[in-house]
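Take a look at the structure set out below.
These values consider heavy atoms only, across backbone and side chains, with no hydrogens, waters or symmetry-generated copies.
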Amino acid sequence: MHRLTLFGLLVLAACASPRPTPYSYRDAAFGLYSNASFDPARLDGEWRQAASFAPYSNTPCTRGAVRIAPWGDGSTSKRMQAELCLGGERAMFNGRAEFTAVGRLRLSGGDPQMIGLEWWVLWVDTDYRTMAIGTPSGRFGFILNRTGSLPADRLTAARELFDFNGYDLEKLFVFKS
């Protein structure tokens, strides 16, 4: 009788749906490189979300924004308020962003499964008007711009960096201005 019960439990376990794994927009076989000449002092100010990776071409949330300011304690940490569309879902953060390495930051206390993942600045233009951000896991990637409209040359540059880092460009959704 015990064998029959054990067999039934094994069959039941095999029928259970597997635990969903987080979606990735990048091929992990590619290396991921953060910007080696990144200057955290130039991040301060308002940023508007210009694009985001989403699992479908018509993302259900609207563009987001990020506000960055010095933390005020003499460190390189930043005060960050973010409301973004990541992977087609709204994600919010309000707190401290700490730099873990050049071009890499972690949002202290952020949801570690989504917005709280370590952000890697993959590219920023020389005037700090546009920035491409990704994660080693590929769980999200997005483009921030100082203004609402993203010029074609900077969109092309950001796309090239995402492509170089293994991101699936067919999943990149560019918000309308």
Side-chain angles (χ1 to χ4, degrees), residues 13-40 43 47-66 68 76-78 80 82-93 95-126 128 130-145 150 152-175:
C15 293
S17 60
R19 200 159 188 226
T21 57
Y23 193 86
S24 178
Y25 297 100
R26 68 178 292 271
D27 182 346
F30 285 75
L32 188 71
Y33 303 93
S34 60
N35 188 304
S37 61
F38 181 74
D39 181 4
L43 274 184
W47 295 86
R48 294 197 52 190
Q49 188 174 19
S52 182
F53 285 89
Y56 30 81
S57 63
N58 189 10
T59 188
C61 52
T62 58
R63 79 170 64 227
V66 177
I68 302 171
T76 59
S77 295
K78 298 292 183 180
M80 183 181 293
E83 185 173 345
L84 296 166
C85 181
L86 301 177
E89 297 178 21
R90 185 62 61 200
M92 293 180 272
F93 176 80
R96 186 179 191 120
E98 301 178 77
F99 291 90
T100 60
V102 176
R104 301 174 190 179
L105 60 137
R106 182 167 308 279
L107 310 183
S108 297
D111 170 13
Q113 298 304 311
M114 183 52 118
I115 199 168
L117 293 172
E118 188 171 52
W119 294 16
W120 288 33
V121 178
L122 307 179
W123 173 79
V124 63
D125 73 305
T126 57
Y128 281 69
T130 303
M131 177 168 41
I133 296 172
T135 63
S137 69
R139 179 87 163 101
F140 63 78
F142 57 95
I143 300 172
L144 295 176
N145 197 53
L150 179 61
D153 62 330
R154 289 187 293 200
L155 174 59
T156 298
R159 286 177 56 87
E160 287 173 359
L161 263 291
F162 278 124
D163 186 45
F164 179 78
N165 284 284
Y167 274 83
D168 179 0
L169 295 181
E170 290 191 19
K171 302 289 188 209
L172 183 63
F173 178 84
V174 179
F175 294 99

Could you check Thr130 against Trp123 for side-chain contact (heavy atoms from CB on, under 4.5 Å), going step by step and ending with a plain yes or no?
CA-CA 8 Å; Thr130 303; Trp123 173 79; 3.6 Å; yes

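- For the atom pair OG1 of Thr135 and CG of Leu86, the computed distance is 9.5 Å after rounding to the nearest 0.5 Å.
- Of all the heavy atoms in Asn165 and Arg26, the pair that sits closest is O-NE, 2.9 Å.
- Here the straight-line distance linking atom CZ of Phe93 with atom CG of Leu107 works out to 4.5 Å at 0.5 Å rounding.
- Using cut-offs of 30° and 60° for the angle between ring planes, the Phe164 and Tyr33 rings count as tilted.
- Between Trp119 and Phe142, the ring planes lie perpendicular to each other; the angle is over 60°, past the 30° to 60° tilted range.
- For the residue pair Leu43 and Phe99, the shortest heavy atom distance occurs at CD1-CZ, 3.8 Å.
- With sequence neighbours left out, the side chain to side chain contact (heavy atoms under 4.5 Å, CB included) criterion links Glu160 to Thr156.
- Residues meeting the side chain to side chain donor-acceptor pair (under 3.5 Å) test with Asp163, sequence neighbours left out: none.
- Looking at residues two or more places apart in sequence or on another chain, you find no side chain to side chain donor-acceptor pair (under 3.5 Å) involving Arg106.
- Of all the heavy atoms in Leu150 and Arg154, the pair that sits closest is CD1-CB, 4.1 Å.
- Of all the heavy atoms in Ser52 and Gly87, the pair that sits closest is OG-N, 4.0 Å.
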Given Arg90 and Thr62, is the side chain to side chain donor-acceptor pair (under 3.5 Å) satisfied, shown in steps?
CA-CA 8 Å; Arg90 185 62 61 200; Thr62 58; 2.9 Å; yes

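- Side-chain N or O atoms of Tyr128 include one that pairs as donor or acceptor with a backbone N or O of Asp39 at under 3.5 Å.
- Counting heavy atoms from C-beta outward, Leu172 and Tyr167 have side chains that stay 4.5 Å or more apart.
- Atom OH in Tyr25 sits 11.0 Å away from atom OG in Ser137 (nearest 0.5 Å).
- Between Leu84 and Leu144, some side-chain heavy-atom pair lies under the 4.5 Å cut-off.
- In this structure, CG in Asp168 is found 9.5 Å from OG in Ser24, a value given to the nearest 0.5 Å.
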Working note: Met80 + Val66, criterion side-chain contact (heavy atoms from CB on, under 4.5 Å); need CA distance, chi angles, decisive distance, verdict.
CA-CA 7 Å; Met80 183 181 293; Val66 177; 3.8 Å; yes

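- The closest side-chain heavy-atom distance from Leu122 to Leu32 is below 4.5 Å.
- Under the rule for a side chain to side chain contact (heavy atoms under 4.5 Å, CB included), the partners of Val102 that lie at least two apart in sequence or sit in another chain are Phe38.
- Residues passing the side chain to side chain contact (heavy atoms under 4.5 Å, CB included) test with Arg63 are Arg48, Gln49, Phe175, sequence neighbours excluded.
- Between Gly88 and Pro55, the shortest heavy-atom distance links the atoms N-CD, 4.4 Å.
- Annotation: side chain to side chain contact (heavy atoms under 4.5 Å, CB included) contacts of Ser34 (sequence neighbours excluded): Arg104, Trp120.
- Residue Leu169 comes nearest to Phe162 through the heavy atom pair CD2-CB, 3.9 Å, listed as atom of the first residue, atom of the second, then distance.
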Dump the intermediate steps for side chain to side chain donor-acceptor pair (under 3.5 Å) on Ser37 and Asn35, then the final yes or no.
CA-CA 6 Å; Ser37 61; Asn35 188 304; 3.1 Å; yes

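- With rounding to the nearest 0.5 angstrom, the CD1 atom of Ile115 is 9.0 Å from the CD atom of Glu83.
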